[in-house]
Amino acid sequence: YQTVKKAREAGQINHLIRKDLNKVVDFIDIEDITEKASLCRCWKSKNWPYCDGAHGSHNKETCDNVGPVVVRHKQQ
Ligand code: FES
């Protein structure tokens, strides 16, 4: 069982966020985004679903290059 568990965990991207759920889904109302919102794509943020900069240390440790998606209003 430990081997299966380890194999599953090794393939997982999410090691932190709401592990008690089958699927993590978040809804953000567009109207609530005043200027812009940076959404985490590295699954390391402690302010999920928003980016808190944790991707920086992840990238340093793993030589990865992930970062947030920034949702913003169209530039006029
Ligand atoms: Fe995850 Fe920034 S903390 S993308």
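All heavy atoms count here, side chains included; hydrogens, waters and symmetry mates do not. In this text the structure is predicted, and so the values were computed from the model without any measurement. Remember, it's 1-based here, ligands and their atoms both numbered in the order they're listed.
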> Minimum heavy-atom separation for N59 to V66, with atom names?
Replying inline: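 Of all heavy-atom pairs spanning N59 and V66, the closest is ND2-O, 2.8 Å.
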Ignoring hydrogens and angles, write down the donor-acceptor pairs under 3.5 Å from the side chains of residues 28-36, residues two or more places apart or on other chains.
none

> Should L16 and W43 be marked as a side-chain contact (heavy atoms from CB on, under 4.5 Å) after you check the CA-CA gap, both sets of side-chain angles, and the distance that decides it?
Replying inline: CA-CA 7 Å; L16 184 69; W43 291 87; over 6 Å; no
> Can you list the steps and then say if K60 with H55 is a side-chain contact (heavy atoms from CB on, under 4.5 Å)?
Replying inline: CA-CA 9 Å; K60 254 189 205 152; H55 60 267; over 6 Å; no
> How far apart are the C-alpha atoms of R18 and D26, what are their side-chain angles, what is the distance that settles it, and do they pass the side-chain contact (heavy atoms from CB on, under 4.5 Å) test?
Replying inline: CA-CA 11 Å; R18 300 183 205 137; D26 296 283; 2.9 Å; yes
>> Once rounded to the nearest 0.5 Å, what's the spacing between atom NZ of K46 and atom CD1 of I17?
In response: 8.5 Å
> Which protein N, O or S atoms does atom 2 (Fe) of ligand 1 have within a distance shorter than 2.8 Å?
Replying inline: C51 SG, H55 ND1
